[in-house]
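Written below as structure tokens is the structure these notes are about.
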2 protein chains.
Amino acid sequence: MADLLSVAKLAGVSRATASRTFATPERVSPATRRKVEDAATQLAFRPNKVARQLRARATKMIGVMVPSLNNPVFAEQLHAMEVAAREAGYSLIVTTSGYDPSREQAIVEEMLSQRVDGLALTVAVARDSAVLTTLQRETTPCLLVYNPPHPGGLPAIGVDNRAAMAEATRHLIALGHRHIGMVAGPLLQSDRARLRYAGYRQAMREHGLAPQPLIEMPRHTQAELACLAPALAGPNRLTAVLCTNDLLAISLIGELQRATFSVPDDLSVMGFDGIDLGRRLYPSLCSMEQPRIEIGRAAIASLLAMIQGQSPPLPFLPHALREGESVGAPPTSRQAPTLRSPQRNTP
Amino acid sequence: MADLLSVAKLAGVSRATASRTFATPERVSPATRRKVEDAATQLAFRPNKVARQLRARATKMIGVMVPSLNNPVFAEQLHAMEVAAREAGYSLIVTTSGYDPSREQAIVEEMLSQRVDGLALTVAVARDSAVLTTLQRETTPCLLVYNPPHPGGLPAIGVDNRAAMAEATRHLIALGHRHIGMVAGPLLQSDRARLRYAGYRQAMREHGLAPQPLIEMPRHTQAELACLAPALAGPNRLTAVLCTNDLLAISLIGELQRATFSVPDDLSVMGFDGIDLGRRLYPSLCSMEQPRIEIGRAAIASLLAMIQGQSPPLPFLPHALREGESVGAPPTSRQAPTLRSPQRNTP
DNA sequence: TTGTATGCGTTATCAA
DNA sequence: TTGATAACGCATACAA
């Protein structure tokens, strides 16, 4: 690919003049500007960003790391980030960590080596992540996305997970539910999930209700009815469950319906995240919505500010309760409906 | 951040030796190697990829452009691409085009300027995309993903959309359906959607059935029941519909159910793409699955081969019919069920 | 307004 | 085995 020097030669000017034609056109006489531009198009010249980055000691690139792109929460947030970054003239290097701390470490290392101007990371657990120590002796601005902030830790942007889940729980309580459970992926792998469970317990206790032990599913985004079945029987059976994320809630609803359970008549199911798809389903998914678009946008804006040397304020972004048909009043009869073993249509 | 020269100084060697310590350790004596390594850790040295990229005239970066990340088809494929690329030591620059041809053009231009080693693009319409002309006079390897191949055009990877939709149609016909419609987003914006419509018509005619005019929805991934309602009334009302993508199918099912329609008893609904979520729902979504993971992986592998100067074969990847509860035999009675206006739970 | 010269951090070539 | 040096392509300080 043609370089600046060949353009300059063809135009009959020096490299410096050719460079200025693109960087600061107003400092070049119209006549020579034309000559250079002509030469450039003739040679299909395309400035080499790598050289520019080396020279400028800045890449106009932001490194993004998310746990997965198979969860729409991250995909939708990333989409918003990409649009915002592009508007500001920045590109995104995108990586996935699979919630694996050692991969998190390697990825950050690599992005620093690439000299990204900033990092937007979503890690499994912010407090004891290995990347923290790496980053705290670096000058590259770094922002945690979705992770909760910690005193003395990295700046973080997202909702107040604890308060949000507490609010979700209160919503169910206000509808009359007393036996409310919480369903999560394995091990409360992420710090957000832990905070959400804490918020749930807090709201339960506030109302003199007994927080239930966590109902753990073997997978993060896929419900196993068998894990929930015990809690749906007996006199104290649950009338509502909160899920740590929407995909889990949606798949749980599917499993319940397949077992001839009715949602919300037999069991109310509430999600967390507020992914778009939830509104399209029937019953539509009641969920505590995280403003994913806003989070993505604000993350980029804040990161750009940090790159400029500022310390932007990073308040919690507002969560919002989204009503949905998957949640209703508790059933009046205390008799448990029959839970059949799921029947699948796929042979 | 420390550079090679400071490491060399601290270790008491030349820049060249320091460089070799990392590039070709076997060509450095163990003693000096140790010294350099110690100096490197002491200074927290991290090689500057930008400089390396400039020098090597190769970036080990691949530029990826997708229409959107809000559709799981692209997000899931991107996830697979990221994993595959990382394994091969490549990074991904990710951009979204929003199906906008002018943005497509600008994005490709920018990535070429960044000197990515290869491009993986999903464009709206491959044949008359402006990027084609740009790219065909470039040497940077480029691969179209999901777009159909064209003679003399860019290499492309994906399924045979026409054959796949024909097969989907035949599936419905085999179940006894005779009045089958097709639902799509606005304007058949993408070349894939057009091919799918062609496949549908072909299969219909093969069986002596009349292809129906396309039912266009105002949005790509969100169904409006009003657009479909006319086709659900009268003696020749549809008993099954094919949707150009899964999100459209899912939202259509939701709308139908909300209007007290039963799927599949009153209307069978089939999707296209086979996103993971479809299997979790009840009724589970019957869909023609594109092997998104495999497409992502193969795209990277093929692109790497192209970067090596090879011309890998690019056959269609196999699509697969995924059975699901959203499709069944046509209703026996020809009387149309009542279609109520949708009732939402959200005030 | 234009040109000259230098450096960004690395690696490869060539000598020693 | 090691060192000196040039070059990757660009942008800027300085001089003209």
Side-chain angles (χ1 to χ4, degrees), chain A residues 1-37 39-40 43-61 89 110-117 138-140, chain B residues 1-37 39-40 43-61 89 110-117 138-140:
Chain A
M1 215 168 293
D3 67 345
L4 208 44
L5 184 54
S6 28
V7 173
K9 275 188 194 156
L10 181 59
V13 299
S14 72
R15 269 197 314 214
T17 305
S19 175
R20 278 187 287 256
T21 306
F22 302 107
T24 52
E26 69 278 7
R27 311 193 44 134
V28 169
S29 84
T32 54
R33 195 190 308 169
R34 275 296 306 270
K35 281 194 297 182
V36 174
E37 283 165 351
L43 295 177
F45 170 71
R46 192 174 284 121
N48 186 324
K49 280 201 180 184
V50 176
R52 187 177 288 178
Q53 286 161 351
L54 179 61
R55 168 68 222 233
R57 308 162 123 271
T59 52
K60 290 254 179 188
M61 298 201 305
E110 213 169 292
M111 287 175 156
L112 288 173
S113 201
Q114 180 62 64
R115 298 300 190 268
V116 295
D117 290 345
E138 294 301 330
T139 62
T140 307
Chain B
M1 216 167 295
D3 67 344
L4 210 43
L5 186 54
S6 27
V7 172
K9 275 188 195 156
L10 181 59
V13 299
S14 72
R15 265 197 316 213
T17 306
S19 174
R20 277 189 287 257
T21 306
F22 301 108
T24 53
E26 70 278 5
R27 310 193 43 139
V28 171
S29 84
T32 53
R33 196 190 307 167
R34 275 298 305 271
K35 282 194 296 184
V36 174
E37 282 165 353
L43 294 176
F45 170 69
R46 194 172 285 118
N48 186 324
K49 281 200 179 183
V50 177
R52 186 176 289 176
Q53 286 160 350
L54 178 61
R55 173 64 223 228
R57 309 162 122 272
T59 52
K60 291 250 176 191
M61 298 201 305
E110 214 169 291
M111 286 176 158
L112 288 174
S113 200
Q114 180 63 63
R115 298 301 191 268
V116 294
D117 291 343
E138 294 301 329
T139 62
T140 307

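Chain naming here is simple, since letters A, B, ... match the order of the sequence lines and numbering starts at 1 in each.
Taking every side-chain heavy atom of B:R57 into account, D:dC8 is the closest of D:dT12, D:dC8, D:dT1. Closest to the side chain of B:R55, from the set D:dC10, C:dT11, D:dA4, is C:dT11. The side chain of A:F45 lies closest to D:dC10 when the candidates are C:dT10, D:dG3, D:dC10. The nucleotide whose nearest atom lies closest to any side-chain atom of B:T17 is, among D:dA6, D:dG3, D:dT12, D:dG3.
The side chain of A:T32 contributes an N or O atom lying less than 4.0 Å from OP1 or OP2 of C:dT2. Put simply, B:R52 has a side-chain N or O that comes within less than 4.0 Å of OP1 or OP2 on C:dT11. In this model, the phosphate group of D:dT1 is not approached by any side-chain N or O of B:S29 to a distance below 4.0 Å at OP1 or OP2.
If you check every strand for non-hydrogen atoms under 4.0 Å, A:A16 touches a base. As judged by a 4.0 angstrom heavy-atom cut-off over every strand, A:L4 is placed among residues touching the sugar-phosphate backbone only.
Closest approach of B:F22 to B:A40, counting heavy atoms only: CZ-CB, 3.8 Å.
Using a 4.5 Å cut-off on side-chain heavy atoms (C-beta onward), A:E138 and B:R46 make contact.
Judged by distance alone with a 3.5 Å cut-off, no donor-acceptor contact links the side chain of A:R20 to the base of C:dT4.
Nearest-nucleotide assignment on DNA chain D puts the 5′-proximal partner with B:V28, out of B:A56 and B:V28.
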